[in-house]
Engineer: 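Sharing a structure with you now.
Just so it is clear, the model here is predicted, and its values are computed rather than measured. To find a chain, count down the sequence lines: A is the first, B the second, and so on, and within it residues start at 1.
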Amino acid sequence: MAFSDIVSMLWGGTGETLWMVLASTAIGYLGGLPLGVLLTITDTDGISAHPVLYKILDLIVNITRSIPFLILLILIQPFTKLVVGKSYGTTATIVPLTVAAIPFIARMVESSLKEVDKGVIEAARSMGSGKMAVILKVLIPEARISLLVGVTIALGTILGYSAMSGVVGGGGLGDIAIRYGYYRYETEIMIITVVVLVILMQLFQWAGNLLAKKLDRRRG
Amino acid sequence: MAIIEVEHLYKTYQSKTGEVQALQDINLSIEEGEIFGVIGLSGAGKSTFVRCLNLLERPNSGKVLIDGRDLLELSERELSLERRHIGMIFQHFHLLMQRSVLRNVCYPMEIRKVEKKEARQKALEYLRTVGLEDKARAYPVQLSGGQKQRVAIARALACEPRIILCDEATSALDPQTTRTILALLKEINQLYGITIVIITHEMRVVEEICTRVAVLDQGRLAEMGTVKEVFENPKTPAARRLLFTKDDDWGEADKEEVEHGIF
Ligand SMILES: Nc1ncnc2c1ncn2[C@@H]1O[C@H](COP(=O)(O)OP(=O)(O)O)[C@@H](O)[C@H]1O
Ligand SMILES: [Mg+2]
């Protein structure tokens, strides 16, 4: 295979991977953020304590999180087909990625929000804040650094999942690595692909940490 | 008419080791414009009491009347509106760490939907009142404890309150700073006629600024009267214990013990 072919293949794969990872993380937050907020406020010491609802949400999150991604990928194929019309390829992979991302993100959001000082929440309540105000003006802004670190972790995790989806023709870098490295024994291409994945992972982390540092007002 | 009236207030906590009677049959009324002290040893129920005044804690029974309105009968929405005019300051300040000083002071106005520009102007005024206008753009982490408490006071003022509740507001501060914060509270009381309720375990705080004082002992109201009456002629063992065992050491040791939760 000519060098330029390899480059263009990797370039295409990187684009596909970025598309899958960014889209499913974004949609994942659309679901995971509200779910994480709900988990935070309905827990026993939350501002809308509701033990039954918390238990139910907690269970759903735990169950979905304990299904290995590859199994999930196959399990929900009918659903994926229903949503995007086919069950393989880059865009189709966004569906299982999002389904895996939501409970994972919800858990991280929950743990970030629970780090917010209870005293600050109480002060906000003492000033007559409604629940929405507590969530939007206190919980989320005060936890923003931790939330941002969470986004970095989510991107990394979903990047890993997206590579796994190569096994079922999911597209992207993982697909290339498996097709060339595993089926055709072209180890070099596999290694280069893995290197690109590592670089992407590093980039996410670097960007996330940089932004977190820039936004954090708790350092002088 | 009294601005705050408390009638037959009871509060019981369920804990792993059983029930804790934090408040038992508390009756008292606080007049408009007073600086009212509540003193007692650690665990006497002071924080529980003050948190019942704005229903951060719901009592098991009794009445909490603000201007004659029973807070316990209000809906959640009505209660929020009522709270918007009761300021509260805390031992550990509880400022929003990711907001500038100015935006911290804007917070109460923000939730009242005061127009942004107007809120900023007013916030600057409140910061001027507490002597911190030059710190408007700073973040809480850059301030000393005393400065943080000043911001908290400015934030309380931004509630345009008729009442300010203080729960151990000076207990994390050194004696010098404590005095300046108390002086500031007194000034606010005189300037705006705001009624102030001060919860403390420190005698000196009560001596310095309170008009009347209530002594809490194991969840009960042991004694109440003018500071002079209670301090010169304590009638109950509880008041005497407070007066004679606590030797008014405003020193570091005292502060440390507070931080380690002995008091
Ligand atoms: N949330 C709670 N759960 C259980 N017990 C509590 C709780 N808050 C306070 N208490 C108990 O109620 C009593 C009064 O506490 P508190 O009002 O904090 O006293 P103070 O402020 O005078 O030190 C103490 O015995 C304390 O342990
Ligand atoms: Mg206390």
Engineer: Name the option with the most non-hydrogen atom pairs under 4.5 Å to chain B; the candidates are A:K118, A:K137, A:K131.
Structural biologist: A:K137
Engineer: Find the distance between CZ (B:F93) and CG (A:D117) and round it off to the nearest 0.5 Å.
Structural biologist: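 The CG atom of A:D117 is 12.0 Å from CZ of B:F93, to the nearest 0.5 Å.
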Engineer: So do B:L95 and A:V120 actually touch side chain to side chain, heavy atoms under 4.5 Å?
Structural biologist: no
Engineer: With rounding to the nearest 0.5 Å, note down the distance linking CG in B:L53 to OG in A:S126.
Structural biologist: 12.0 Å
Engineer: Which bit of B:L56 is near chain A, if near means a heavy-atom gap under 4.5 Å: side chain, backbone, both or neither?
Structural biologist: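 B:L56 touches chain A through backbone and side-chain heavy atoms alike.
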Engineer: Is the backbone N or O of A:P141 less than 3.5 Å from a side-chain atom of B:Q98, with the two atoms forming a donor-acceptor pair by type?
Structural biologist: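 Checked: no pair found.
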Engineer: Can you tell me how far the CZ atom of A:R125 sits from the CG atom of B:L79, to the nearest 0.5 Å?
Structural biologist: 9.0 Å
Engineer: Using non-hydrogen atoms only, which part of B:E82 is less than 4.5 Å away from chain A: side chain, backbone, both, or neither?
Structural biologist: neither
Engineer: Can you tell which part of A:I121 gets under 4.5 Å to a heavy atom of chain B, answering side chain, backbone, both or neither?
Structural biologist: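 Neither; nothing under 4.5 Å.
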Engineer: Chain A heavy atoms under 4.5 Å from B:I89: which part of the residue, side chain, backbone, both or neither?
Structural biologist: neither
Engineer: Between A:E122 and B:R51 (salt bridge meaning N to carboxylate O under 4.0 Å), is one present in this structure?
Structural biologist: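 Looking at A:E122 and B:R51, the cut-off is met.
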Engineer: Distance-only, no hydrogens or angles: does the B:R83 side chain make a donor-acceptor pair with backbone N or O of A:M127 under 3.5 Å?
Structural biologist: no
Engineer: Picking from B:E76, B:H85, B:R112, B:R77, which has the most non-hydrogen pairs under 4.5 angstrom with chain A?
Structural biologist: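 The option with the most such pairs is B:E76.
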